[in-house]
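Just so you know, these numbers use all the heavy atoms, side chains as well, and skip hydrogens, waters and symmetry mates.
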Amino acid sequence: LSLKFGDIGNFKGLVIRFLLTTSYYQMSVQNWFSLHRLQLLYNHSIQATFNATRIYAPASYSYHCEHVSSLQRYDALLIPSSANDLSKLWEVTFTDFQIQGFNIQEGQFAYAKDCASLFSPAILMGLVMSLILLLVLAYALHMLIHLKSLDRHYECKASPAYFAEMKDNDMGDEKEPLRSSGNESYELRNQQFCKIYI
């Protein structure tokens, strides 16, 4: 596929040639086309050759990309074919690039396969945040599952503090009546308390 600039100013005699290939892949059960190489010709002589990478689409589709370039800041989909080639002296960038080499109908591009990566920075950041939230949730559930119930243990012990004994011969009784003005009252001999362990 050749793109000729004709007699446009300084571009007279410049031709951009796209070498496209098509292959059948059994896994997808369809033909795919790929841009194999890009050549820059000036006055019928090859000035630069670039190998294309990751520029492919199903044969019934077109390929679209915001930038197809030999520059690293645009992800360098075009790579100089050799170190000795004049390609190093050229910088090629196509903006809003779309190409379709086969199965063109009514002179219109078919549905475009875009070059946007499945893992763009925004998507990666979203995945990282989701992973952090998932870890926090898993930790919270782990803590809830392993939270021990409040087991209460009661232990009663005799208090060392007690009231003075009224009679020495009545040690076994816990209470002893006190006689005063006709009313019965009782004095605690041993005071007990309970400790609760939680």
- Just grab all the disulfide bond (SG atoms under 2.5 Å apart) pairs involving residues 10-41, residues at least two apart or on different chains.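 The answer is none; no pair qualifies.
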Less than 4.5 Å apart, side chain to side chain, heavy atoms only: is that true for [X] and [Y]?
| X | Y | answer |
| --- | --- | --- |
| L20 | L1 | yes |
| V68 | L78 | yes |
| L38 | I16 | yes |
| H36 | F18 | no |

- Query: When you check the side-chain N and O atoms of S62 and Q98, is any donor under 3.5 Å from an acceptor?
  - Reply: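 Yes, Q98 and S62 have a side-chain donor paired with an acceptor closer than 3.5 Å.
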- Just checking, is any N or O donor in the side chain of D96 or H67 under 3.5 Å from an acceptor N or O on the other one?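 Per modelled atom types, D96 and H67 side chains form no pair under 3.5 Å.
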- Listed by chain and number, what are the side-chain hydrogen bond (donor to acceptor under 3.5 Å, both in side chains) partners of S2, not counting sequence neighbours?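 Expected list: none.
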Does [X] have any side chain to side chain contact (heavy atoms under 4.5 Å, CB included) partners at least two apart in sequence or in another chain, and if so, which?
| X | result |
| --- | --- |
| A76 | Q72 |
| L14 | F5, F11, Y42 |
| S69 | L71, Y74, T93 |
| A110 | Q100 |

Distance (rounded to the nearest 0.5 Å) between [X] [atom1] and [Y] [atom2]:
| X | Y | atom1 | atom2 | value |
| --- | --- | --- | --- | --- |
| L135 | S130 | CG | OG | 11.0 Å |
| S45 | L40 | OG | CG | 11.0 Å |
| K113 | S60 | NZ | OG | 12.5 Å |
| L41 | L3 | CG | CG | 11.5 Å |

If you compare all heavy atoms of [X] against all heavy atoms of [Y], which two are closest, and at what distance to 0.1 Å?
| X | Y | result |
| --- | --- | --- |
| W90 | A48 | CD1-CB, 3.7 Å |
| Y63 | C115 | OH-CB, 3.1 Å |
| A52 | I55 | CB-CD1, 4.0 Å |
| I99 | F33 | O-CZ, 3.7 Å |

- Message: When you group the ILVMFWY residues by side-chain heavy-atom contacts below 4.5 Å and let the links chain together, are F97 and F50 in the same group?
- Response: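 Yes; tracing contacts between hydrophobic side chains, which count when under 4.5 Å, links both residues.
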- Joint hydrophobic cluster, L35 plus F102, side-chain heavy atoms closer than 4.5 Å: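 Yes; tracing contacts between hydrophobic side chains, which count when under 4.5 Å, links both residues.
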- Message: I'd like to know if the side chain of H142 reaches the main chain of A138, judged simply by a donor and an acceptor atom lying under 3.5 Å from each other, with no hydrogens or angles considered.
- Response: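 A pair under 3.5 Å: no.
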- For S81 and T49, indicate whether the former's side chain and the latter's backbone hold a donor-acceptor pair under 3.5 Å.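 Between the backbone of T49 and the side chain of S81 there is a qualifying donor-acceptor contact (under 3.5 Å).
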- Determine which pairs satisfy side chain to side chain donor-acceptor pair (under 3.5 Å) with at least one residue from residues 13-24, sequence neighbours left out, and list them in order.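 Sorted result for residues 13-24: R17-Q39, T21-S34.
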- Query: What residues, two or more places apart in sequence or in another chain, satisfy salt bridge (charged side-chain N to carboxylate O under 4.0 Å, His left out) together with D114?
  - Reply: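 Not a single residue meets the salt bridge (charged side-chain N to carboxylate O under 4.0 Å, His left out) criterion with D114.
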- Query: Which pairs pass salt bridge (charged side-chain N to carboxylate O under 4.0 Å, His left out) with one or both residues in residues 25-43, sequence neighbours excluded?
  - Reply: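 Found none.
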- Message: By the salt bridge (charged side-chain N to carboxylate O under 4.0 Å, His left out) test, which pairs, at least two apart or in different chains, include something from residues 70-80?
- Response: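 The answer is R54-D75.
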- Which other residues end up in the same hydrophobic cluster as M143, if Ile, Leu, Val, Met, Phe, Trp and Tyr are linked when side-chain heavy atoms come under 4.5 Å apart?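 Y139, all in the cluster of M143.
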- Message: Under the rule for ring pair (Phe, Tyr, Trp, His ring centres under 6.0 Å), what residues qualify as partners of Y111, not counting sequence neighbours?
- Response: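 Scan of Y111 (ring pair (Phe, Tyr, Trp, His ring centres under 6.0 Å), adjacent residues dropped) gives Y61.
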